Chemist: 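Dropping the structure in here first, questions after.
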Amino acid sequence: MDPKIRKLSSNETPPMDLLLLADPNESIVRAYWDRAECYILESEKSEVLGVYVLLKTRPGTYEIINVAVKETEQGKGFGKKLVLHAISQAKENGIHSLEIGTGNAGIGQLSLYQKCGFRITGIDFDFFTKNYPEPIYENGILCRDMIRMSLDL
Ligand code: COA
């Protein structure tokens, strides 16, 4: 059976290993956790294969603040399934704008989000170098800037 996406209830433990794949700073994850809605992609055997987190940032606007797929399960379409689910969830909740941000070095993420309809709306220069204690490298590129993207629903 195909893995299914469901909302994590507030008494369930956050899938921290997966959440930290997208954001290596646990204190940032903990800071948004109480205000966020978390959805998990679960296998038939109740193994968590993927996750995304939605946060209402302004009236009518949600941000996908975390999306991650277990390393061994990447490249199988699950990331796209999660992002498309977030889009339909936001639409169902009457949201008119969905936002997401990713590092300048996240080639795969930039590809995935644009394939799901997101457009680049801005750049937070030096976001990662200012907010993270350790340098982050992806695809051999130093992650310095946050690329802000948005989708009108
Ligand atoms: N270059 C070009 N395209 C790429 C790519 C790359 N390096 N990586 C993925 N893509 C494309 C795929 O080809 C696919 O396109 P298609 O639907 O036309 O085939 C699309 O992106 C989605 O691929 P998918 O298999 O659904 O992605 P995934 O399951 O591997 O999940 C992430 C993508 C980003 C969620 C996953 O890699 C991940 O968890 N990374 C670590 C955490 C992270 O960085 N999260 C994002 C924080 S901003």
Side-chain angles (χ1 to χ4, degrees), residues 1-57 60-120 127-128 131-141 143 146-153:
M1 222 167 53
D2 280 349
K4 296 270 183 291
I5 298 175
R6 72 168 175 91
K7 192 171 175 178
L8 197 74
S9 57
S10 53
N11 58 356
E12 289 182 285
T13 314
M16 195 52 78
D17 289 1
L18 275 179
L19 293 166
L20 293 177
L21 272 185
D23 191 334
N25 189 333
E26 186 166 341
S27 59
I28 292 182
V29 175
R30 299 232 174 252
Y32 64 61
W33 191 253
D34 289 344
R35 297 174 293 133
E37 285 178 28
C38 176
Y39 292 81
I40 54 167
L41 177 77
E42 208 172 38
S43 75
E44 212 181 344
K45 294 174 181 163
S46 301
E47 187 193 357
V48 183
L49 306 180
V51 66
Y52 78 83
V53 180
L54 283 180
L55 189 68
K56 193 169 190 172
T57 49
T61 303
Y62 274 177
E63 182 174 346
I64 302 177
I65 43 173
N66 195 313
V67 54
V69 171
K70 192 177 164 183
E71 273 160 324
T72 53
E73 302 296 326
Q74 290 175 7
K76 299 180 181 176
F78 292 144
K80 196 169 188 182
K81 190 178 167 93
L82 286 162
V83 173
L84 294 177
H85 190 275
I87 293 169
S88 62
Q89 207 56 43
K91 276 186 189 161
E92 254 178 49
N93 293 354
I95 293 300
H96 59 73
S97 178
L98 187 59
E99 298 179 337
I100 196 160
T102 191
N104 57 285
I107 308 296
Q109 293 87 325
L110 287 165
S111 158
L112 164 61
Y113 305 149
Q114 289 181 86
K115 282 178 171 176
C116 291
F118 286 83
R119 295 186 68 183
I120 294 175
F127 178 90
F128 291 96
N131 292 294
Y132 288 78
E134 302 293 330
I136 303 168
Y137 280 88
E138 214 175 335
N139 302 302
I141 306 166
C143 191
M146 171 75 90
I147 312 296
R148 298 272 177 206
M149 305 179 89
S150 159
L151 175 66
D152 293 333
L153 302 175

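All heavy atoms count here, side chains included; hydrogens, waters and symmetry mates do not. Predicted model, so just to flag it, every value in this text is computed and none were measured. The chain is numbered in sequence order, starting from 1.
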Chemist: Should Ile107 and Ile141 count as side-chain neighbours, where that means a heavy-atom distance under 4.5 Å?
Modeler: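 Yes; the side chains approach each other to less than 4.5 Å.
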Chemist: Taking C-beta and beyond as the side chain, do Phe118 and Thr102 meet within less than 4.5 Å on heavy atoms?
Modeler: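 They are not in side-chain contact.
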Chemist: Leu21 and side chain to side chain contact (heavy atoms under 4.5 Å, CB included): which single residue from Asp17, Leu19, Leu18 fits?
Modeler: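 Among the candidates, only Leu18 passes.
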Chemist: Going by atom types only, do Gln89 and Glu37 share a side-chain donor-acceptor pair under 3.5 Å?
Modeler: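 Looking only at side-chain atoms, Glu37 and Gln89 do not form any donor-acceptor pair under 3.5 Å.
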Chemist: Quick one: do the Tyr52 and His85 side chains pair a donor with an acceptor below 3.5 Å?
Modeler: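 Checked: Tyr52/His85 side chains pair up, N/O donor to acceptor below 3.5 Å.
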Chemist: If you apply the rule side chain to side chain contact (heavy atoms under 4.5 Å, CB included), what do you find for Leu98 with Ile87, and how did you get there?
Modeler: CA-CA 7 Å; Leu98 187 59; Ile87 293 169; 3.7 Å; yes
Chemist: Any chance OH of Tyr137 has more than 12 other-residue heavy atoms, nucleotides or ligands included, within less than 6.0 Å?
Modeler: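 12 or below, so no.
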Chemist: Flag the pair Tyr39 / Leu82 as yes when at least one side-chain heavy-atom distance between them is below 4.5 Å, and no otherwise.
Modeler: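 The answer is no; the side chains never approach within 4.5 Å.
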Chemist: Can you list the residues that meet the ring pair (Phe, Tyr, Trp, His ring centres under 6.0 Å) rule with His96, with sequence neighbours excluded?
Modeler: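 With neighbours one apart ignored, the set is empty.
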Chemist: Do Ile40 and Ile5 make a side-chain contact, defined as non-hydrogen atoms from C-beta onward lying under 4.5 Å apart?
Modeler: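 The answer is no, as the side chains (C-beta and beyond) never meet within the 4.5 Å cut-off.
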Chemist: Less than 4.5 Å apart, any side-chain heavy atom of Leu110 and any of Met149?
Modeler: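 In short, these two side chains touch, coming nearer than 4.5 Å.
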Chemist: With sequence neighbours left out, write down each residue that passes side-chain hydrogen bond (donor to acceptor under 3.5 Å, both in side chains) with Glu47, or none if nothing qualifies.
Modeler: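 Partners of Glu47 under the side-chain hydrogen bond (donor to acceptor under 3.5 Å, both in side chains) test: Lys70.
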Chemist: Which heavy atom in Ala36 sits nearest to a heavy atom in Val53, and how many Å separate them?
Modeler: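 Closest pair (atom of Ala36, atom of Val53, distance): CB-CG1, 3.4 Å.
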Chemist: What pair of heavy atoms forms the shortest contact from Ser97 to Ser150, and how long is it?
Modeler: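 It is OG-OG, 3.7 Å.
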Chemist: Test of understanding: with side chain to side chain contact (heavy atoms under 4.5 Å, CB included), list the residues that count as partners of Tyr132, not counting sequence neighbours.
Modeler: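 Expected list: Asp23, Pro24, Asn25, Ile28, Phe127, Phe128, Ile136.
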Chemist: Would you check, one step at a time, whether the test side chain to side chain contact (heavy atoms under 4.5 Å, CB included) holds for Leu153 with Tyr62?
Modeler: CA-CA 11 Å; Leu153 302 175; Tyr62 274 177; over 6 Å; no
Chemist: Are any of the side-chain heavy atoms of Pro15 and Leu8 separated by less than 4.5 Å?
Modeler: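 The answer is yes, as the side chains (C-beta and beyond) meet within the 4.5 Å cut-off.
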Chemist: Looking at Lys7, Glu12, Arg6, which one forms a side-chain hydrogen bond (donor to acceptor under 3.5 Å, both in side chains) with Ser9?
Modeler: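 Going through Lys7, Glu12, Arg6 one by one, the side-chain hydrogen bond (donor to acceptor under 3.5 Å, both in side chains) with Ser9 is satisfied by Glu12 alone.
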Chemist: Do you know which two heavy atoms are closest between Ala22 and Asn66, and how far apart they sit?
Modeler: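 Heavy atoms of Ala22 and Asn66 come nearest at CB-OD1, 3.1 Å.
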Chemist: Please report the C-alpha distance between Val48 and Leu41 in whole Å, then the side-chain angles of each, then the deciding distance to 0.1 Å, and finally whether the side chain to side chain contact (heavy atoms under 4.5 Å, CB included) criterion is met.
Modeler: CA-CA 6 Å; Val48 183; Leu41 177 77; over 6 Å; no
Chemist: At what distance, to the nearest 0.5 angstrom, does OG of Ser88 lie from CG of Asn93?
Modeler: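 Taking OG in Ser88 and CG in Asn93, the distance rounds to 9.5 Å.
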Chemist: Contact between Lys76 and Lys81 at the side-chain level, heavy atoms closer than 4.5 Å - yes or no?
Modeler: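 In short, these two side chains do not touch, never coming nearer than 4.5 Å.
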Chemist: How long is the gap from CD on Glu63 to CD1 on Ile100, to the nearest 0.5 Å?
Modeler: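 Answer rounded to 0.5 Å: 8.0 Å.
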Chemist: Please name the pair of heavy atoms, one in Gly101 and one in Met146, separated by the smallest distance, quoted to 0.1 Å.
Modeler: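 Between these two residues, the closest heavy atoms are C-SD, 3.5 Å.
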Chemist: Can you tell me how far the NZ atom of Lys80 sits from the CG atom of Leu112, to the nearest 0.5 Å?
Modeler: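 It is 8.0 Å, given to the nearest 0.5 Å.
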Chemist: If you measure from OG1 on Thr61 to CD1 on Ile95, what distance do you get to the nearest 0.5 Å?
Modeler: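 Here the rounded value is 7.0 Å.
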Chemist: Check step by step if side chain to side chain contact (heavy atoms under 4.5 Å, CB included) holds for Cys143 and Asn104.
Modeler: CA-CA 6 Å; Cys143 191; Asn104 57 285; 4.2 Å; yes
